[in-house]
Structure formats: structure tokens, C-alpha cells
Novice: 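I'd like to ask some things about the structure below.
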Amino acid sequence: AQSVTQPDIHITVSEGASLELRCNYSYGATPYLFWYVQSPGQGLQLLLKYFSGDTLVQGIKGFEAEFKRSQSSFNLRKPSVHWSDAAEYFCAVGATGTASKLTFGTGTRLQVTL
Amino acid sequence: NAGVMQNPRHLVRRRGQEARLRCSPMKGHSHVYWYRQLPEEGLKFMVYLQKENIIDESGMPKERFSAEFPKEGPSILRIQQVVRGDSAAYFCASSPGQGLDSGANVLTFGAGSRLTVL
């Protein structure tokens with residue numbers, strides 16, 4: 001069974017600073033990887049996904065993530081954070097050959113200071 | 001094109017009452033997934049349904065919880081005799097097909113239904 005670990009529960013960055021949110025997964029084959037963002041009181045919005053091919057994927061809102069098979073990681077990055085990026089970020093993994101069922105990490109709450 | 005619609009957005013129930021949460025998938029989507037998010041936790045898969053069929057209910061508690069997706073109308077997650085531990089956000093997601101091997105079958109989530117049990 002697959003699993004996802006987001007080691008940072010809470011991160012605070014200053015507006016304009018760079019951001020990296022960590023995600024490690026456990027899965028026996030090449031996984032499908034996702035980052036979702038959840039604003040307070042809202043549902044989840046897909047930021048980006050990795051299925052295959054180029055290991056650096058670009059998403060919406062200026063986010064990108066890099067798949068590193070050797071480290072079983074899929075870290076999310078943004079070069080310059082905006083105050084509106086304050087939210088909870090979830091990494092998720094899906095398995096090949098099955099339904100679109102995802103396993104989520106516990107999330108990282110991002111706070112942005114002005 | 002409306003997204004995944006969930007209602008009610010907020011529901012308050014007393015212990016022992018029933019809670020019914022509804023989910024209308026995106027237009028053209030015939031696969032529905034329910035997830036539960038407990039406070040300070042990530043989303044946990046509960047059940048996966050297609051029209052008139054439960055495909056995978058491996059995440060559903062064995063008692064008091066049931067789900068359906070009838071031929072007509074929304075999918076419904078039903079919780080009987082609610083307890084305080086059922087207080088959570090319940091998210092519905094939909095996809096047009098089955099299997100992530102097709103890049104089109106990424107889940108689209110609704111805004112969630114927040115259940116509070118007094």
C-alpha cells in the first residue's frame with residue numbers, strides 16, 4: 001500500500017521569500033503524484049501533477065515540483081511567495097492500474113508574513 | 001460548467017441523529033469518491049462509487065456509514081446515529097473515468113460538507 005509523509009506540519013515564510021514544501025512517498029512502482037492546496041473553509045484545488053516524463057512539473061500560481069525517484073520525493077517549490085499563498089498544502093499519491101483513489105499526506109500549513 | 005457541488009456546506013447534528021451529505025459530480029463525470037478529513041489530519045479515502053454501484057468501500061467504517069450513487073440524482077453519504085467522533089469535513093470528488101493511467105481521470109474536489117456533532 002502506498003503512503004505519503006509531509007514532515008513539516010507548519011511553515012512560516014516572509015512574503016517574497018522562496019518556498020519548498022517536502023513530500024516523501026512510499027510506493028513499489030512509479031507513482032502518480034499530486035499537490036493540492038486548500039484555503040480556509042474551501043475544498044482542494046489541484047496545483048500540479050506528475051504522471052511520467054519530465055521530472056520537473058509546472059503548476060498553477062507559479063508553483064513547480066520535482067520528482068526524484070532516488071529520494072522518493074516530490075517537493076513543491078515557489079521562488080517568491082505571495083500573501084495569498086497562505087493555505088494548507090497536501091501531497092498525494094495514486095497507484096497505477098487502479099481507480100483514481102488517492103492517498104494523502106497530513107498536510108503542511110503555510111503562513112506568510114508581510 | 002459547475003464543479004463538484006456538495007450540500008449542505010455545514011451541518012449540525014446532535015448525537016444519535018442522522019446526517020445526510022449530498023454530492024453532485026461534475027457534468028460528464030460518472031465516478032464519485034468520498035473522503036473524510038478529521039481535524040488536523042489529511043484526507044482519508046472512504047468509498048468509491050459509480051452509478052448504482054459501490055466499487056470500493058474499503059475506507060468506510062463498518063457500522064453506521066453508507067453511501068449510494070443512484071441512477072438519477074446526487075451521491076449521498078449517510079451517517080446514522082452520529083457520535084462526536086464523526087465531526088469532520090467530508091469531501092466528495094469526481095472523475096470522468098477510472099484509473100489514473102489516463103491523465104484525464106484526475107480527481108476534482110468539491111468544497112466539502114462540515115459536520116458538527118453536538
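Any value given below was found using the heavy atoms of this structure, including those in side chains, with hydrogens, waters and symmetry copies removed.
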Novice: Determine whether the aromatic ring centres of A/Y32 and A/F67 lie less than 6.0 Å apart.
Specialist: no
Novice: Compute the centroid of each ring, for A/F104 and then for B/Y35, and state whether the two points are separated by less than 6.0 Å.
Specialist: yes
Novice: At a heavy-atom separation under 4.5 Å, does A/L46 approach chain B through its side chain, its backbone, both, or neither?
Specialist: side chain
Novice: Is there a donor in the side chain of B/S58 and an acceptor in the side chain of B/D56, or the other way round, less than 3.5 Å apart?
Specialist: yes
Novice: Is A/Q38 in contact with chain B via its backbone, its side chain, both, or neither, using a 4.5 Å heavy-atom distance?
Specialist: side chain
Novice: Does any backbone or side-chain atom of B/Q6 lie under 4.5 Å from a heavy atom of chain A? Answer side chain, backbone, both or neither.
Specialist: neither
Novice: Picking from B/H31, B/R114, B/K44, which has the most non-hydrogen pairs under 4.5 angstrom with chain A?
Specialist: B/R114
Novice: With distance as the sole criterion, is a donor-acceptor pair present between the side chains of B/S75 and B/W34 under 3.5 Å?
Specialist: yes
